[in-house]
Number of protein chains: 2
Amino acid sequence: MPDQPPSRRELRREQTAAEILRAARHLLAEDGPTALTLRATAREVGMTAPGVCRYFPDHRALVQAVVTDLYRDLAAGLEAARDARPDAPTADRFTAAARALRHWALGHRSEFTLLFGKPVPDAGTAPEDPAHDAGWRFGQVFVGLLEQLWREGAIPAEPATGTVPAWWSQFDDLREHLTEDLPLPVLHRFVQAWTRLYGLIALEVFGHLDFAMADPEPLFEENLGQLVDLLAPDR
Amino acid sequence: MPDQPPSRRELRREQTAAEILRAARHLLAEDGPTALTLRATAREVGMTAPGVCRYFPDHRALVQAVVTDLYRDLAAGLEAARDARPDAPTADRFTAAARALRHWALGHRSEFTLLFGKPVPDAGTAPEDPAHDAGWRFGQVFVGLLEQLWREGAIPAEPATGTVPAWWSQFDDLREHLTEDLPLPVLHRFVQAWTRLYGLIALEVFGHLDFAMADPEPLFEENLGQLVDLLAPDR
DNA sequence: CAGCATTAGCTTACACCGTTAGCACTTCTG
DNA sequence: CAGAAGTGCTAACGGTGTAAGCTAATGCTG
């Protein structure tokens with residue numbers, strides 16, 4: 001079966017599936033994750049709920065399709081930010097991507113909550129879920145920059161504290177997903193940087209920073225500088 | 001009206017209100033935030049939904065009562081951990097409280113998600129909400145330790161980088177909520193430590209650390225050490 | 001103690017939600 | 001052109017929050 005040309009029917013099917021997805025994303029963006037409902041989505045495109053079930057059998061399936069779509073968009077946005085000045089120092093491209101992530105999160109709070117919070121049980125990103133791959137493409141943006149920093153010799157292969165703690169061997173799992181074989185201290189630096197980046201952005205988006213400050217941007221920028229120093233001190 | 005002795009009726013009212021709250025918390029703990037529903041709670045205590053509405057007019061009100069209750073429990077738990085060894089160095093009491101927070105979060109994932117994630121719109125903790133005060137008692141645990149560290153001279157009053165950036169004046173808001181008048185660099189150190197603490201725990205509870213490691217505890221302990229060094233270098 | 005206001009909890013009702021079963025109609029295919 | 005596959009519908013069931021109105025018991029008060 002040498003993948004026949006998509007019949008007129010299949011074409012139309014993909015078209016309405018895309019329309020449904022667009023409606024669902026609109027709902028999410030407008031009224032938050034709880035508004036992302038089968039019936040409301042159906043209404044949006046002029047169908048009934050069982051109608052859209054022909055395209056996304058479950059509510060779960062619809063949500064996961066949205067998650068996948070969002071991850072793709074986000075990854076594309078980060079890639080664009082990273083590659084806006086291809087000749088800039090790699091560390092600057094890293095901060096550009098990180099800023100783009102924060103900017104996207106603040107401009108798409110509902111979407112960020114769906115992807116990086118833990119509200120909707122249907123959004124689960126288990127390894128067997130289709131959204132898992134899309135999520136990994138997002139992570140790949142930062143991993144790619146990490147690998148390039150490593151190639152450029154910006155990251156020391158030795159830990160700051162003399163010896164490698166035994167528990168760093170946990171990073172072996174992560175290492176297998178990488179195209180390049182990076183030493184454990186490099187991966188350790190990366191995870192440290194990532195946790196701080198995520199923590200800051202999530203804290204701000206979720207409003208848990210309001211108690212301390214009105215505008216967290218300077219705090220973010222300060223941390224971004226620290227992160228780069230920590231991640232790639234030899235740049 | 002010199003607060004009359006609670007009539008028999010009011011006593012009974014408080015009693016069933018407590019029972020409803022207990023049932024709601026049970027539901028939350030057992031089946032997650034989405035299972036925390038008016039009708040299910042009513043079923044749990046052998047009533048109908050409009051029945052519990054006599055006690056908590058809204059679903060929102062019920063959720064907020066649960067949030068308040070959880071904050072109180074959590075705060076009590078952290079205080080207990082902090083005061084388990086009252087004569088220990090203050091830095092150790094800080095790490096004890098931080099460990100207790102992580103331990104509670106991992107053992108009460110649903111509850112942690114409700115308090116520190118952003119899933120349920122009804123759980124909003126705006127300043128006018130009753131849950132706000134309870135949340136602040138939780139924060140007070142760490143703030144109290146901060147103040148004690150300051151009294152002991154463990155925290156330098158000057159920033160590491162010579163001058164105080166202009167944006168640190170944002171911490172003035174935070175300063176007003178404190179009993180002691182701490183210098184801006186001290187508050188800056190505190191916010192830095194808090195964001196990293198939250199980031200690590202949230203990342204772990206929400207499962208966003210799975211891609212990198214199976215057991216994040218060593219990473220947490222490592223960061224805890226760094227945090228104390230950062231927060232109170234002169235201890 | 002009698003009367004009465006308050007209150008607890010109920011039933012009913014309405015509007016949403018996800019999901020299933022069955023049916024009519026369109027479109028492709030042999 | 002008939003049959004098969006697919007599309008979207010209606011109807012229905014069980015779940016959710018919430019408002020209105022009712023009954024009966026409770027507790028206060030004269």
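Lettering of chains follows the sequences in order, A, B, ..., and the numbering in each one begins at 1.
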Q: Measure the CD1-CD distance between Ile20(A) and Glu44(A) for me, rounded to the nearest 0.5 Å.
A: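 Separation between the atoms: 11.5 Å.
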Q: Just the rounded figure in Å: distance from P of dA8(C) to CG of Leu11(B).
A: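 It is 13 Å, rounded to the nearest whole Å.
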Q: What is the distance, to the nearest angstrom, from the CG atom on Leu62(A) to the P atom on dC17(C)?
A: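 Computing the Leu62(A):CG to dC17(C):P distance gives 13 Å.
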Q: At under 4.0 Å between heavy atoms, how does the protein contact nucleotides 3-10 of chain D? Give one character per nucleotide, 5' to 3', with B, S or -.
A: --BSBBBB
Q: Sequence neighbours excluded, which residues qualify as ring-ring contact (aromatic ring centres under 6.0 Å, His included) partners of His188(A)?
A: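 Applying ring-ring contact (aromatic ring centres under 6.0 Å, His included) to His188(A) gives Trp167(A), Trp168(A).
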Q: Going through the distances and angles, do Arg196(A) and Thr195(B) end up as a side chain to side chain contact (heavy atoms under 4.5 Å, CB included)?
A: CA-CA 8 Å; Arg196(A) 287 181 58 178; Thr195(B) 56; over 6 Å; no
Q: At less than 4.0 Å, is any side-chain N or O atom of Arg43(A) found next to OP1 or OP2 of dC17(C)? Yes or no.
A: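 Answer is yes, contact under 4.0 Å.
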Q: Counting side-chain heavy atoms from C-beta on, which of dT19(C), dG15(D), dG17(D) comes nearest to Thr37(B)?
A: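 Comparing dT19(C), dG15(D), dG17(D) against the side chain of Thr37(B), the answer is dG17(D).
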Q: Under 6.0 Å between ring centres: does that hold for Phe138(A) and Phe116(A)?
A: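 Distance test on ring centres: under 6.0 Å, yes.
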Q: Treating Arg82(B) as the side-chain partner and Arg93(B) as the backbone partner, does any N or O pair qualify as donor plus acceptor under 3.5 Å?
A: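 No, Arg82(B) side chain to Arg93(B) backbone: no donor-acceptor pair under 3.5 Å.
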Q: Please confirm whether any donor atom in the side chain of Arg39(B) sits under 3.5 Å from an acceptor in the base of dG15(D), or the reverse.
A: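 Between dG15(D) and Arg39(B), which were checked side chain against base, a qualifying N/O pair under 3.5 Å is absent.
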Q: Which of parallel (below 30°), tilted (30 to 60°) and perpendicular (above 60°) describes Trp194(A) and Tyr198(A)?
A: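 Ring orientation of Trp194(A) relative to Tyr198(A): tilted.
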Q: Please report the distance, rounded to the nearest Å, between CG in Leu38(B) and P in dC14(C).
A: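 Nearest whole value for this atom pair: 20 Å.
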Q: Rounded to whole Å, please give me the gap between CG in Asp58(B) and P in dT16(D).
A: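 Spelled out: CG on Asp58(B) to P on dT16(D) is 17 Å.
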